[in-house]
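Numbers for residues simply follow the sequence, beginning at 1. Computed from heavy atoms alone, side chains included, the values below leave out hydrogens, waters and symmetry copies.
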Amino acid sequence: MGRARTFFVPAAAVAALLTVSGCSEDQPAAQATRTASPSELARYTAAPDLATPEQSPTSSAPAECVKTTAMSLEKLTGYLKELPSSSGAYKSRGLTLDSSGVKFAPEAIQRPCKAVKVKLARYWVEVEKTREETAVSPASYEYEYKRISVTSHKVGPQDGTVPDTAPPGGSDCQGSLSVLYVGEDIPLRYLPSNLELIDTTAPAPVEVAGDGVLSALYVSPISVVSC
C-alpha cells in the first residue's frame with residue numbers, strides 16, 4: 001500500500017459536501033451511484049493495422065500514418081501526448097482518459113500505422129482519520145494507495161473507446177486514482193502526495209510524475225466524516 005500521506009480537507013469543501021449530501025456527523029453520506037455516459041465512438045474489437053496497399057495506376061495514395069514500433073519511450077510518450085484530436089479544438093488530445101474511459105480519436109493524418117499498447121493502473125485512495133477535531137485544531141487525515149488493477153490495452157489506428165476503463169467511483173473515505181501510461185509500471189512513490197477532498201465526485205485531472213505517463217484522473221471521496 002505504500003507510505004501514508006497527508007490528506008487535505010479544506011473547511012469549505014467539508015461544508016459543501018455535508019450540505020450536498022444532507023448528512024451530519026451522526027449520519028454519514030450515502031455512497032453515490034456512478035453511471036458512465038454512453039460513448040460517442042465505436043467500441044474496440046480488434047485494432048487492425050494500416051497496411052500500405054499495393055500501388056497501381058488506379059489505386060489512391062495510402063493514408064499518411066506514423067510508425068511507432070521503433071520509437072523510444074520518450075518519443076512515444078511525446079507523440080501520444082501531442083497527438084491532436086479530430087475535433088479540431090485548441091489543445092485537444094487524440095488519446096484521452098475521461099469519465100467514460102480511454103478514448104482514441106486523433107486527426108486522420110497523424111494516426112499510428114499500427115495499434116499502440118498502453119497501460120491503465122487504477123488505485124483506491126483510502127482515507128483514515130488520524131486526529132479528532134478539537135476546539136483549536138481541525139481533524140487530520142492520511143491516505144494510502146491500494147492497487148486495484150494494472151491492465152494493458154491496444155488503441156488505434158481507428159477511433160474507439162476501450163471498454164471497462166472508466167475511473168472507479170468514490171465512496172465514504174475512499175476515492176480513486178487512474179493513470180494512463182506506456183512503458184514500465186509507475187512506482188508508488190511517484191503517485192501524488194497532495195490529494196485533497198474536493199466538492200465534486202467527477203474525475204479531476206492530476207499530475208503524476210514518471211516516464212511514460214500520459215494522463216491521470218482523481219476521484220475524490222464523497223465524504224470523510226465517518227473515517
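With a 4.5 Å cut-off between side-chain heavy atoms of Ile, Leu, Val, Met, Phe, Trp and Tyr, the cluster of Ile148 takes in Trp124.
Residue pairs that meet the disulfide (SG to SG under 2.5 Å) test with at least one member in residues 197-227, sequence neighbours left out, are Cys173-Cys227. Residue pairs meeting the disulfide (SG to SG under 2.5 Å) criterion with at least one partner in residues 181-212, sequence neighbours excluded, are absent.
The OG1 atom of Thr151 sits 4.5 Å away from the CG atom of Leu120 when rounded to the nearest 0.5 Å. Note that CD of Glu144 is 8.0 Å distant from CD of Glu126, once rounded to the nearest 0.5 Å. The line from OG of Ser220 to CD1 of Ile198 is 5.0 Å long, rounded to the nearest 0.5 Å. Gln174 CD to Lys146 NZ: the interatomic distance, rounded to the nearest 0.5 Å, is 8.0 Å. How far OG1 of Thr96 is from NZ of Lys103: 6.0 Å, rounded to the nearest 0.5 Å. Between the CZ atom in Arg147 and the CD1 atom in Ile186 there is a gap of 12.0 Å [rounded to 0.5 Å].
Within the 4.5 Å cutoff, no side-chain heavy atoms of Tyr123 are placed close to those of Pro168. The shortest side-chain heavy-atom distance between Arg93 and Lys81 falls under the 4.5 Å cut-off. When side chains are defined from C-beta on, Asp159 counts as touching Arg111, because their heavy atoms get closer than 4.5 Å. Looking at heavy atoms from C-beta onward, Leu195 lies in side-chain contact with Tyr143 at the 4.5 angstrom threshold. A heavy-atom distance below 4.5 Å is not found between the side chains of Val116 and Phe104. A 4.5 Å side-chain heavy-atom check between Thr77 and Asp211 finds every atom pair outside the cut-off. In this structure, Leu214 and Leu97 have side chains that are not in contact, with every pair of non-hydrogen atoms separated by 4.5 Å or more. Looking at heavy atoms from C-beta onward, Thr68 lies in side-chain contact with Met71 at the 4.5 angstrom threshold.
Counting only distance, with no hydrogens or angles, the side chain of Thr200 and the backbone of Ala202 share a donor-acceptor pair below 3.5 Å. Checking side-chain atoms of Ser149 against main-chain N and O of Arg122 turns up no donor-acceptor pair under 3.5 Å. Between the side chain of Tyr218 and the backbone N or O of Glu196, at least one donor-acceptor pair lies under 3.5 Å. Ser176 places no side-chain N or O within 3.5 Å of a backbone atom of Pro167 that could act as its donor or acceptor partner.
Smallest separation of non-hydrogen atoms from Leu217 and Ser99: CD1-N, 4.5 Å. The shortest heavy-atom contact between Leu73 and Gly212 is CD1-CA, 4.1 Å. Ser100 and Thr165 make their closest contact through O-OG1, 4.4 Å (heavy atoms, listed as atom of the first residue, atom of the second, distance). Minimum heavy-atom separation, Arg131 to Pro138: NH2-O, 3.3 Å. Of all the heavy atoms in Leu188 and Tyr145, the pair that sits closest is CD2-CB, 4.2 Å. Among all heavy-atom pairs drawn from Pro112 and Cys65, the shortest one is C-CB, 4.1 Å.
Side-chain polar atoms of Ser87 and Ser85 form a donor-acceptor pair below 3.5 angstrom.
Evaluation of the side chain to side chain donor-acceptor pair (under 3.5 Å) rule for Ser137 yields Thr134 as partners, not counting sequence neighbours. A search for salt bridge (Lys or Arg N to Asp or Glu O under 4.0 Å) contacts involving Glu207 returns nothing, not counting sequence neighbours.
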Donor-acceptor pairs under 3.5 Å, side chain of residues 177-185 to any protein atom, not counting sequence neighbours: which ones?
{"residue": "Tyr181", "atom": "OH", "partner": "Asp185", "partner atom": "OD1", "Å": "2.6"}
{"residue": "Asp185", "atom": "OD1", "partner": "Lys119", "partner atom": "NZ", "Å": "3.4"}

